[in-house]
Protein chains: 2
Amino acid sequence: MFELDVRSRKPIYEQLVERLKELIITEVLTADEQLPSVRTLAQQLTINPNTIQKAYRELESQGYIYSIKGKGSFVSAATPNLNSEKIEKVKNELSKLLSEAIYLGITKNELFKLIQEIEAAIGGGIEDDQNP
Amino acid sequence: MFELDVRSRKPIYEQLVERLKELIITEVLTADEQLPSVRTLAQQLTINPNTIQKAYRELESQGYIYSIKGKGSFVSAATPNLNSEKIEKVKNELSKLLSEAIYLGITKNELFKLIQEIEAAIGGGIEDDQNP
DNA sequence: TGTAGTGTACTATGATTCCTAGTACAGTTA
DNA sequence: TAACTGTACTAGGAATCATAGTACACTACA
């Protein structure tokens with residue numbers, strides 16, 4: 001479920017945040033589902049519990065999960081913090097990346113197709129579950 | 001022309017790479033145009049020449065500029081290294097960011113519009129010169 | 001030719017970040 | 001009570017970032 005690259009220059013906790021976001025967005029992890037405890041996940045991944053906690057703290061601050069002392073950490077329902085500041089930030093990053101993509105020769109049609117695929121994957125993640 | 005945030009957790013040389021890429025992609029800096037020397041730019045920005053060189057080295061490895069010992073550093077003509085590996089990498093990053101954008105409530109239409117705007121900003125300069 | 005400018009390659013040092021290890025405390029649940 | 005949970009510290013090693021300084025090879029120009 002988690003593939004971490006310890007040698008990567010990208011910090012482990014950031015890899016964790018990315019991966020968990022992905023699982024939440026694609027609804028592999030559903031609302032109010034309990035996440036592994038920091039100690040359990042740390043043991044599974046053979047990394048330090050503090051690193052897990054750092055990732056969970058980041059995800060909580062971004063609204064993707066919530067934690068209850070003594071109980072555990074859980075996936076937030078539906079939408080995370082919908083502050084316009086965050087949306088602007090994502091749009092800004094998106095602009096840079098899209099500019100580079102177009103400069104590299106990726107066509108508009110390819111980008112449109114990519115968006116369609118992603119939307120299908122997010123909206124249709126459940127139906128595909130029990131397909132042959 | 002360059003706005004650096006020394007306090008940011010994003011390294012200065014990465015900020016430089018991003019900003020220069022942006023200027024090259026939007027053709028504010030045109031092909032074969034000479035960039036400021038590492039020492040000059042370092043003095044202007046009040047940072048170390050080594051930091052500038054690191055950014056230039058990165059840009060050269062990505063094909064955006066080329067350097068000639070004794071002469072200077074220059075903007076590469078047209079397309080950078082078009083290896084499929086790099087394109088795949090960009091597409092992959094794009095997928096993650098697009099997923100997050102959609103999850104945050106940004107609509108497909110907004111994304112399409114964004115792409116149109118970017119393409120207009122990039123491609124507009126050339127096509128207006130002379131039409132086939 | 002000499003000189004000033006260019007890119008490039010080192011070493012060394014301090015600051016910061018990442019990750020680990022260990023300990024401790026507060027809350028929940030069976 | 002006992003075993004789990006999140007959370008908050010301290011301390012240390014390793015890596016990265018940016019700085020400072022020095023040096024060398026090359027180019028352009030007076």
Side-chain angles (χ1 to χ4, degrees), chain A residues 2-21 24 29 31-77 80, chain B residues 2-21 24 29 31-77 80:
Chain A
F2 299 96
E3 296 169 2
L4 298 180
D5 182 4
V6 193
R7 298 174 192 170
S8 167
R9 70 184 192 289
K10 178 171 291 187
I12 296 177
Y13 81 94
E14 278 187 21
Q15 295 179 47
L16 267 173
V17 168
E18 265 190 22
R19 181 64 180 139
L20 281 166
K21 262 195 205 177
I24 293 172
L29 299 176
D32 295 319
E33 181 171 349
Q34 183 164 11
L35 297 171
S37 76
V38 291
R39 292 175 180 82
T40 301
L41 190 52
Q43 198 172 15
Q44 279 180 15
L45 302 179
T46 332
I47 58 180
N48 195 280
N50 293 331
T51 306
I52 309 287
Q53 199 212 341
K54 190 171 184 178
Y56 279 11
R57 196 190 309 144
E58 175 66 19
L59 284 166
E60 185 166 22
S61 80
Q62 290 187 34
Y64 286 90
I65 70 173
Y66 61 93
S67 297
I68 302 175
K69 193 186 289 186
K71 291 191 72 173
S73 299
F74 307 85
V75 176
S76 289
Chain B
F2 299 95
E3 295 169 4
L4 299 179
D5 183 4
V6 192
R7 298 174 193 170
S8 168
R9 54 253 174 249
K10 179 170 292 187
I12 296 178
Y13 82 94
E14 278 188 21
Q15 295 180 46
L16 267 173
V17 168
E18 266 191 21
R19 182 63 180 139
L20 281 167
K21 261 195 204 176
I24 293 172
L29 298 176
D32 296 319
E33 182 172 347
Q34 183 164 10
L35 298 170
S37 76
V38 290
R39 291 175 181 83
T40 300
L41 189 53
Q43 200 172 13
Q44 279 181 15
L45 301 178
T46 331
I47 58 180
N48 195 281
N50 293 331
T51 307
I52 308 288
Q53 199 211 340
K54 190 169 185 180
Y56 279 11
R57 196 191 308 144
E58 175 65 19
L59 284 166
E60 184 167 22
S61 81
Q62 290 188 33
Y64 286 91
I65 71 174
Y66 61 93
S67 299
I68 303 175
K69 192 188 289 184
K71 291 191 70 174
S73 299
F74 307 85
V75 176
S76 290

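Per chain, numbering begins at 1; letters A, B, ... match sequence-line order.
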Could you tell me whether the phosphate oxygens of [N], OP1 or OP2, come under 4.0 Å of any side-chain nitrogen or oxygen in [X]?
X: A:Ser73; N: D:dT5; answer: no
X: A:Ser37; N: D:dT5; answer: yes
X: B:Thr40; N: C:dT6; answer: yes
X: A:Lys71; N: C:dT29; answer: yes
X: B:Thr51; N: D:dT19; answer: yes
X: B:Lys54; N: D:dC17; answer: yes
X: A:Ser67; N: D:dT5; answer: no

I need the [atom1]-[atom2] distance between [X] and [N], as an integer number of Å.
X: B:Ile52; N: C:dA9; atom1: CD1; atom2: C1'; answer: 17 Å
X: B:Ile12; N: D:dA20; atom1: CD1; atom2: P; answer: 11 Å
X: B:Leu45; N: D:dT19; atom1: CG; atom2: C1'; answer: 15 Å
X: B:Ile47; N: D:dT19; atom1: CD1; atom2: C1'; answer: 11 Å
X: A:Arg7; N: D:dT16; atom1: CZ; atom2: P; answer: 14 Å
X: A:Gln43; N: D:dA3; atom1: CD; atom2: P; answer: 16 Å
X: B:Leu4; N: D:dT19; atom1: CG; atom2: C1'; answer: 15 Å
X: A:Asn50; N: D:dA11; atom1: CG; atom2: P; answer: 15 Å

Using modelled atom types and a 3.5 Å cut-off, is there a donor and acceptor pairing between side-chain atoms of A:Gln15 and backbone atoms of A:Asp5?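 Yes, the answer is positive, given that a donor and an acceptor are paired below the 3.5 Å cut-off.
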
How close do A:Ile65 and A:Ile24 get, heavy atom to heavy atom, and via which atoms?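 Answer, listing the atom of A:Ile65 first, then A:Ile24: CG2-CD1, 3.8 Å.
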
Of the listed nucleotides (C:dA21, D:dG6, D:dA18), which one gets closest to any side-chain atom of A:Tyr56?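 In terms of side-chain proximity for A:Tyr56, the closest of C:dA21, D:dG6, D:dA18 is D:dG6.
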
So which nucleotide from C:dC19, C:dA26, C:dG7 ends up closest to the side chain of A:Pro11?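 Nearest to the side chain of A:Pro11 among the choices is C:dC19.
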
Heavy atoms, side chains only, cut-off 4.5 Å: are [X] and [Y] in contact?
X: A:Lys54; Y: A:Asn50; result: no
X: A:Leu20; Y: A:Tyr64; result: no
X: B:Asp32; Y: B:Tyr66; result: yes

Of A:Tyr13 and A:Ile68, whose nearest nucleotide on DNA chain C comes first from the 5' end?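 The 5'-side residue here is A:Tyr13.
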
DNA chain C: 5'-proximal contact among B:Arg57 and A:Lys69 (nearest heavy atom):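 Looking at the nearest nucleotide for each, B:Arg57 comes out on the 5' side.
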
Under 3.5 Å donor-acceptor pair, A:Arg39 side-chain atoms to D:dG6 base atoms: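 Indeed there is one.
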
